[in-house]
Amino acid sequence: MVGETRSSSPIGSEGNLMHAYRTHNCSQLRSEDVGHIVRLAGWVYRKRDHGNLLFVDLRDHYGVTQVVVDRDSEAFAVTEGLKLESVIRIEGRVTSRGAEAVNPHLPTGEIEVRAVAVELLSEAAELPLPVFGNTDYPEDVRLKYRFLDLRREKLHANMVLRSQVIASLRRRMIDAGFTEFQTPILTASSPEGARDFLVPSRLHHGKFYALPQAPQMFKQLLMVAGFDRYFQIAPCFRDEDARADRSPGEFYQLDFEMSFVTQEDVFAAIEPVLYGVFDEFSKGRTVTPPPFPRIAYKDAMLRYGSDKPDLRNPLEIVDVTEVFQGGPFAVFAKAIESGSVVRAIPAPKAGTMARSFFDSTNQWARDEGFAGLAYINFKGGEGGGIAKNLGPERVAQLVGKMKLGPNDGVFFACDKPANAAKLAGMARTRVAQELDLIEKNSFRFCWIVDFPMYEWDELEQRVVFSHNPFSMPQGEMDALLHKDPLEILAYQYDIVCNGIELSSGAIRNHKPEIMYKAFEIAGYDQSVVDEKFRGMINAFKFGAPPHGGSAPGVDRIVMLLADEPNIREVILFPMNQKAEDLMMGAPSNVTEKQLRELRIAIVGQPKP
RNA sequence: GGGGUCGUAGCUCAAUUGGUUAGAGCACCGGACUGUCGAUCCGGAGGUUGCGGGUUCGAGACCCGUCGACCUCGCCA
């Protein structure tokens, strides 16, 4: 078990005892080594005490080797007193295990080392967190003793996987002609997007640096500087609240940008990289081969009720507004008159399931804050639920439109378009989970394309950028001048895998006059653009190539490959949900002297 | 900031649903055992049931408050 996921040894196998701590690592010895005197070092993983015979499972990064000490050995006394997770060095002879004593679960299971000397290098206190076994432990204990947690098999393997994935991404990007550059960490705050992490300036009273939310403007400047294809495993910082798939504070992206490209060129460049790295670490899971399906944002919202659809889920939502429009089912017919739509979620072969399945799904929708989910359950072609209210003609129309089988079920979400899509999307996921329809052991990629450039902000009652303000609007200046802003699409795209948004990207707006116009529509005048995006807008006045790129999230890629539901499982030293590092004690107070130098005063009474 | 779940030994969990002295496994300490690999067997120590208040003859359980963790909404161009 241990050792299989870990890389092989860097240590020579000559068996000489020149090295102070070890001649071999703990995953290295085999039957061929029987008879050699060896030296090993590592942690006491398990100890089995038979009174006159002791077994120690000695563990290091590479694996586990069984060490045996019997009563006659001078090493017996010290070994007997060893505590778990203490660090020891042992010296002894490699011996063959008897046929009945071979451990087939261990790469080193055919041998063991009979210790003649055991030295305690570092004693371990009683553990707050057992290293052996696969039990789950509370997050706060795990984070506080992260170094112990990282010794554990699963987490240790995850971090090795992470390193291998990053190495693979780097190699594939370089092979594809990209050049890696480092962009600044201390930079300027930007008005759009997430909340910035600010860093006070000592030399400039009252001014602040910001940590980059992404190297967005720098990578575009690299294109203006003529580097053609850039990438970076880029640290990004956003002061937003955490989620299971969103680390608070900081995360990494495979940030890349390309010159003289269309949207399709960007897709063609990154698809083989993502396919390649997912295939490399798939462990038998299937991966969507390039080209990945392209789905327009509008279609995604209609068919999947989400702009990050999980294509492992075979269910598709159908708009059935016309089936209900002006019909006898008054609740829906009335709602449609005032602008609602009806979206139907099929539940294949669920018609014969207990009524509780339908009722509990309806109750779930209500608990989620929606009006509820109406349903029809077909049994041998006979419709229950709201079928009677709807009448046979319209039911037949529905069956035809959705190609429903004689024992299928179907749910209906009726609401204003945005809410109906959201509920239908959530119901699609829930129904597929309940019916166990979600494909296993696969990575299903797609592109979501044609995002709207702008959207209407109800709260502020104005047009705002819906995603990235630096995207090129489809139709360029002509569209900005002549179309309804809410109808304008952008050359903007997301990569989605198994319902997880891996990245967003865009063909950028590289023309100053279009940039000014685009910002004007969102309510920023030229001076704001000049001030806030000075570096970039200025550069665009001196010959900017058409360019575009994207930035897949590295943590999320590793999460998918490691099959971990929580992003902290693939990060070495993550912060907790409140953005605290429990091990290092961050954030922390600073000295008065530090604050004085920065001319910063703490206002109000901070919590102790 | 809102909502949800949870909080019992160092760790994982239990406590017949309000009833005697809060139990078990792992870890720890002591003892037995020469072939285990989650070793086994015997014994020991370990608890302000997160904290504060309330209801009750009686609270780990019920109520109120509070603290903390996680999940989630808002937020994340």
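A 3.5 Å limit on both hydrogen-bonding distances identifies G31(B) as the Watson-Crick or G-U partner of C41(B). When both pairing distances are held under 3.5 Å, U5(B) makes a Watson-Crick or G-U pair with A69(B). Nucleotide G25(B) has C11(B) as its partner under the Watson-Crick or G-U criteria, with both atom distances under 3.5 Å. When both distances must be under 3.5 Å, the Watson-Crick or G-U wobble mate of G19(B) is C57(B). Base pairing of U49(B) is not made with any nucleotide, judged by Watson-Crick or G-U wobble geometry with both donor-acceptor distances under 3.5 Å.
Contact between the side-chain N/O atoms of N52(A) and the OP1/OP2 oxygens of A32(B) is not found at any separation under 4.0 Å. For Q577(A) and C71(B), the shortest distance from a side-chain N or O to OP1 or OP2 is below 4.0 Å. A sub-4.0 Å separation between OP1 or OP2 of C28(B) and a side-chain N or O of K83(A) is absent.
For the P atoms, the distance linking G50(B) with A9(B) amounts to 8 Å, nearest Å. For the C1' atoms, the distance from G23(B) to U49(B) is 13 Å, rounded to whole Å. The same atom, C1', is picked in U17(B) and in C62(B); the two are 11 Å apart, to the nearest Å. Taking atom P on both A69(B) and G74(B), the two are 22 Å apart, rounded to the nearest angstrom. When the C1' atom is compared between C29(B) and A45(B), the two are found 7 Å apart, to the nearest whole Å. G47(B) and U5(B) are spaced 32 Å apart, taking the P atom of each and rounding to whole Å. Across U8(B) and C13(B), the matching C1' atoms stand 9 Å from one another, rounded to whole Å. Separation of the C1' atoms belonging to U56(B) and G18(B) is 9 Å when rounded to the nearest angstrom.
Of the inter-residue distances, the one linking F197(A) atom CZ with L211(A) atom CG reads 7.5 Å to the nearest 0.5 angstrom.
Among the heavy atoms of the strands, none lies under 4.0 Å from L129(A). Contacts of Q213(A) with the nucleic acid, taken as non-hydrogen atoms under 4.0 Å apart, are absent. At a threshold of 4.0 angstrom between heavy atoms, the contacts of P469(A) include nucleobase atoms, whether or not backbone atoms are also involved. Within 4.0 Å of R568(A), counting heavy atoms only, lie sugar-phosphate atoms of the nucleic acid but no base atom. S466(A) comes within 4.0 angstrom of sugar-phosphate atoms only, judged by non-hydrogen atoms across all strands, and of no base. Within the 4.0 angstrom heavy-atom criterion, base atoms lie near R243(A).
Against the 90° criterion about 0, the sugar-base torsion of U17(B) places it in the syn range.
Residues satisfying the ring pair (Phe, Tyr, Trp, His ring centres under 6.0 Å) test with Y304(A), not counting sequence neighbours, are none. The side chain to side chain donor-acceptor pair (under 3.5 Å) test applied to E112(A) returns Q66(A), not counting sequence neighbours. Shown here are the ring pair (Phe, Tyr, Trp, His ring centres under 6.0 Å) partners of F76(A), two or more places apart in sequence or in another chain: there are none.
With RNA chain B read from its 5' end, the first of the two nearest nucleotides for K308(A) and M575(A) is the one closest to M575(A). Checking L53(A) against K422(A), the closest nucleotide of RNA chain B that is more toward the 5' end is the one next to L53(A).
Counting heavy atoms from C-beta outward, W43(A) and V131(A) have side chains that stay 4.5 Å or more apart. Side chains of M301(A) and D307(A) form a contact here, defined as non-hydrogen atoms less than 4.5 Å apart.
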Checklist line | Contact letters for nucleotides 36-41 of chain B, in which S counts primed atoms plus P, OP1 and OP2 and B counts the base, heavy atoms under 4.0 Å | finding: BBSBB-
Which side-chain N or O atoms in residues 242-252 of chain A pair as donor and acceptor under 3.5 Å with protein atoms at least two apart or in another chain?
residue	atom	partner	partner atom	Å
R246(A)	NE	D241(A)	O	3.2
R246(A)	NH2	D241(A)	O	2.6

Return all side-chain donor-acceptor pairs below 3.5 angstrom for residues 485-501 of chain A, not counting sequence neighbours, or 'none' if the list is empty.
residue	atom	partner	partner atom	Å
Q492(A)	OE1	S471(A)	OG	2.7
Y493(A)	OH	A506(A)	N	3.3
Y493(A)	OH	A506(A)	O	3.1
Y493(A)	OH	G549(A)	O	2.9
N498(A)	OD1	R444(A)	N	2.7
N498(A)	ND2	S442(A)	O	3.0

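Residues Q232(A) and T183(A) have side chains that bring a donor and an acceptor to within less than 3.5 angstrom of each other.
Side-chain to base pairing of R238(A) with C76(B): no donor and acceptor N or O lie closer than 3.5 Å to each other. Residue side chain D241(A) reaches the base of G74(B) through a donor-acceptor N/O pair under 3.5 Å, judged by distance alone.
Here the nucleotide nearest the side chain of L84(A), chosen from A69(B), U72(B), C28(B), is C28(B).
Rounded to a whole Å, the CZ atom of R246(A) is 8 Å from the P atom of C73(B). Across the protein-nucleic acid pair, L143(A) atom CG and G68(B) atom P stand 16 Å apart, rounded to whole Å.
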